[in-house]
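This report concerns only the one structure given below.
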Amino acid sequence: MTGEAGDRSDRSTLLHVDMDAFFVSVTIRDRPELHGRPVIVGGGARGVVLSASYEARRCGVRSAMPMTRAWRLCPTAVVLPAAYPEIEASSAAVRELLLQVTPMVEMMSVDEAFVDVAGALRRFASPVDVAEHVRARVHDEQRITCSVGIGPTRSVAKLAGRRAKPDGVVRVPADAVVDFLHPLDVGELWGVGERSRQRLESLGVRTVADLAHLPLPELCRAVGPRAGTHLHALAWGTDSCRVSPHPVSPAGAARPSERSIGSQATFGHDTDDTTLVRRELLRRSAAVARRARAAGLVARTVALTVRFADFTTLTRSRTLADPTDVTTTVHATACELYSALGLRRTRVRLVGVRLEGLQRRDGVHEQLVLGAREHGWADADRASDRAVRRFGRYAVRPASLLREDRP
DNA sequence: TCTGGGGTCCTAGGACCC
DNA sequence: TCTGGGGTCCTAGGACCC
């Protein structure tokens, strides 16, 4: 499965580079006393596990697990908050390092990337050679480890990478793809979550081989034409092999995708206090509107998310006559959507605001962007943005948030 | 003290237009 | 004039990923 060097005719040139327990590794790399101990990054009384060291995983701790459960499974674990500045710096450095190998780098998140090295094989003996080069540099320069999966398609590379963890390399040559994929549980496929796994199991599909041999029409009837076609391709390892390098902004950061901007927060305690809810909606509205302005975007649609004490969640959205990036407009819309729910004494766990239908601000006429009454508020927003840039994010806050602690 | 916060994409129904 | 079909927009919900 791994490592034959020098085979340049093999189309298996796609690397999936994935940092090992990234949040934990970065957060504790300067704290040697914690090395080898079970460490969990995450927390908050109502939070979940963001990342667990391999020692903590041995107790059964997993990402996205409620902290209460993680604590029960691994009472000796050290729990730390995520060191976001260091995590982001490390992620950017890894990205730079990958770009020195080839421009064909697609960051999927802070801790993983696809890299097509077909064009780099003049300088490297093989894809595995590239992988070892990258791993050595990440280890030497970032003092953390990563694993690399190599395959002819994205999904195969990703699955190979899972086999490589931690701190290893696995390459699946193009002619070994079906033998590699077919014994796997369908739930291991990228895009098959718990619900789809259950649904497929009800069709008698448990392994990828079962899925591959299910007649396509039957599969499409069960999961829809789109998902069916996609799953069929995954099962035969014929999904996309294209890497889309993100355009790079002058600051060097990958430009984030620009489809929506959201902010949500869980209350420390479920609440039925409307004043508290509206105040939180203001905080979320201010956050998303500020991000939109910073990105030069305006939104046509404002969406509200409300999660209740029983964890049921609903969304409501409204498309505005004119796109906006004005905090008060976003907040007013969110509050109207909230009021329209007609809640009385219903305990709320979380609220969130999301901007959708984003467009570039400079592509929209000013009078379409701003109604006459919005101008004053827009000016206030711009003044507030300037103050925040100069004095930090707590420099300017709406009066109703002044004495408030975060939820 | 069960269950975060950032997203993307898909589906499905109804409105509305041609 | 009793009824089609395609396309787009809006809304709500859900699955999934990191």
Side-chain angles (χ1 to χ4, degrees), chain A residues 16 18-19 21-23 40-52 61-73 79 81-82 84 87-88 91 106-114 154-155 158 161-162 186-200 220 222-231 234 244 254 256-270 280 283-284 287-288 291 300-321 337 340-341 349-358 406-407:
Chain A
H16 181 253
D18 198 347
M19 305 299 121
F22 187 51
F23 283 32
I40 296 171
V41 165
R46 314 182 89 182
V48 298
V49 174
L50 293 174
S51 176
V61 177
R62 296 287 180 272
S63 291
M65 178 182 278
M67 279 305 300
T68 47
R69 172 134 189 262
W71 208 291
R72 276 200 303 275
L73 286 169
V79 178
Y84 284 108
I87 285 166
E88 277 162 25
S91 176
E106 182 175 3
M107 292 300 288
M108 298 302 290
S109 69
V110 282
D111 69 345
E112 62 176 302
F114 285 109
R154 296 159 70 99
S155 116
K158 175 135 175 133
R162 202 173 293 170
V186 272
E188 292 200 56
L189 292 179
W190 198 21
V192 178
E194 187 48 33
R195 302 304 280 262
S196 305
R197 199 193 60 76
Q198 282 172 13
R199 185 153 201 180
L200 289 168
C220 289
V223 301
R226 203 135 183 167
T229 311
H230 179 61
L231 286 177
L234 288 183
S244 320
S257 61
E258 293 170 344
R259 306 196 67 82
S260 70
I261 295 173
S263 177
Q264 58 180 47
T266 300
F267 291 103
H269 301 280
D270 299 343
E280 192 55 38
R283 204 188 320 260
R284 299 302 132 201
V288 295
R291 283 174 56 197
R300 292 209 57 218
T301 303
V302 175
L304 166 78
T305 301
V306 180
R307 177 170 295 152
F308 300 105
D310 67 358
F311 220 72
T312 56
T313 306
L314 55 75
T315 62
R316 291 290 182 271
S317 64
R318 176 176 301 165
T319 297
L320 307 169
L337 290 166
L341 296 176
R349 179 188 177 90
L350 165 151
V351 291
V353 175
R354 178 165 295 277
L355 301 180
E356 301 170 349
L358 300 176
R406 298 170 57 78

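All values below come from the heavy atoms of this structure, side chains included, with hydrogens, waters and symmetry mates left out. Throughout, a chain's letter reflects where its sequence line sits, starting with A, and its residues are numbered from 1.
Note on A:Leu50: a base of the nucleic acid sits closer than 4.0 angstrom, heavy atoms only. Heavy atoms of A:Gly224 sit nowhere under 4.0 angstrom from any nucleic acid atom. Backbone-only engagement by A:Val192 is indicated by non-hydrogen atom pairs under 4.0 Å involving sugar-phosphate atoms exclusively. At a threshold of 4.0 angstrom between heavy atoms, the contacts of A:Thr313 with the nucleic acid are absent. Heavy atoms of A:Arg199 sit nowhere under 4.0 angstrom from any nucleic acid atom. The residue A:Thr68 sits close to a base: some heavy atom pair falls under 4.0 Å. Nucleic acid contact for A:Arg354: base, since at least one base atom lies under 4.0 Å from a heavy atom of the residue. At the heavy-atom level, A:Arg69 lies nowhere under 4.0 Å from the strands shown. Here A:Arg300 lies in heavy-atom contact (under 4.0 Å) with sugar-phosphate atoms only. A:Ser196 comes within 4.0 angstrom of the backbone, heavy atoms only, and of no base. The residue A:Ala64 sits close to a base: some heavy atom pair falls under 4.0 Å.
Between the CG atom of A:Leu337 and the P atom of C:dG13 there is a distance of 12 Å, rounded to whole Å. Atom OH in A:Tyr84 sits about 9 Å away from atom C1' in B:dG4, given to the nearest Å. If you measure from atom NE2 of A:His269 to atom P of B:dC2, you get 11 Å, rounded to the nearest angstrom. As a whole-Å value, the separation of A:Asp310 CG from B:dT3 C1' is 12 Å. The CD atom of A:Glu258 sits 16 Å away from the C1' atom of B:dG6 (whole-angstrom rounding). As rounded to whole Å, 14 Å separates atom C1' of B:dC10 from atom CD of A:Glu356. Between the C1' atom of C:dA15 and the CZ atom of A:Arg197 lies a distance of 15 Å, rounded to the nearest Å. Atoms CG (A:Asp111) and C1' (C:dC17) sit 11 Å apart, rounded to a whole Å.
When the side-chain nitrogen and oxygen atoms of A:Ser260 are compared with OP1 and OP2 of B:dT8, one or more of them lie within a distance under 4.0 Å. Between A:Thr319 and C:dT11, a side-chain N or O to OP1/OP2 separation shorter than 4.0 Å is present. Regarding contacts with the backbone of C:dG13, a side-chain N or O of A:Arg316 is found under 4.0 angstrom from either OP1 or OP2.
Of all nucleotides listed (B:dC9, C:dT11, C:dC18), B:dC9 comes nearest to the side chain of A:Arg259. Checked against B:dT3, C:dC16, B:dT11, the side chain of A:Arg195 finds its nearest nucleotide in C:dC16. Ranking B:dG5, C:dG13, B:dG6 by closeness to the A:Ser263 side chain, first place goes to B:dG6. Closest to the side chain of A:Ala45, from the set B:dT3, B:dT1, B:dG6, is B:dT1. Nearest to the side-chain atoms of A:Thr315 among the listed nucleotides C:dT11, B:dT8, C:dG13 stands C:dG13. Here C:dT11 is the nucleotide among B:dG5, B:dT3, C:dT11 with the atom lying nearest to any side-chain atom of A:Ser317. For A:Leu314, taking side-chain heavy atoms from C-beta onward, the closest of the listed nucleotides B:dC10, B:dG6, C:dG13 is C:dG13. Out of C:dG13, C:dC18, B:dT3, the shortest distance to the side chain of A:Glu112 is found at C:dC18. For A:Leu350, taking side-chain heavy atoms from C-beta onward, the closest of the listed nucleotides C:dC18, B:dG4, B:dG5 is B:dG5. Among the nucleotides B:dG6, B:dC2, C:dC17, the one closest to the side chain of A:Pro66 is B:dC2.
A distance of about 16 Å separates the C1' atoms of B:dC16 and C:dG4, rounded to the whole Å.
Heavy-atom nearest nucleotides on DNA chain B were determined for A:Arg349 and for A:Arg226, and the one closer to the 5' end corresponds to A:Arg349.
Looking only at atom types and distance, the side chain of A:Thr319 has a donor-acceptor partner in the side chain of A:Thr301 under 3.5 Å away.
Using a 4.5 Å cut-off on side-chain heavy atoms (C-beta onward), A:Arg69 and A:Val49 make no contact. Considering only heavy atoms from C-beta on, A:Leu358 stays 4.5 Å or farther from A:Arg259 through its side chain. You'll find the side chain of A:Arg318 reaches within 4.5 Å of the side chain of A:Leu337, heavy atoms only. Side-chain atoms of A:Met65 and A:Leu73, non-hydrogen and from C-beta on, do get closer than 4.5 Å to each other. For the pair A:Glu106/A:Met108, a side-chain contact is recorded, criterion being any heavy-atom separation below 4.5 Å from C-beta on. At least one side-chain heavy atom of A:Arg46 sits less than 4.5 Å from a side-chain heavy atom of A:Asp270.
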Please walk me through it: do A:Val302 and A:Leu355 pass side-chain contact (heavy atoms from CB on, under 4.5 Å)? CA-CA 5 Å; A:Val302 175; A:Leu355 301 180; 4.1 Å; yes

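Secondary-structure stems of DNA chain B, taken as three or more successive Watson-Crick or G-U wobble pairs (i with j, i+1 with j-1) under a 3.5 Å distance threshold, comprise B:5-18 with C:5-18.
A stacking contact between A:Trp190 and C:dC17 is absent: the pair does not combine a ring-centre distance of less than 5.5 Å to the base's six-membered ring with planes differing by less than 30°.
Annotation for A:Trp71: atom CH2 does not count as buried by contact number, only 12 or fewer foreign heavy atoms lying within 6.0 Å.
In this pair, A:Trp190 and A:Phe114 present their aromatic rings tilted. The plane angle is within the 30 to 60° band.
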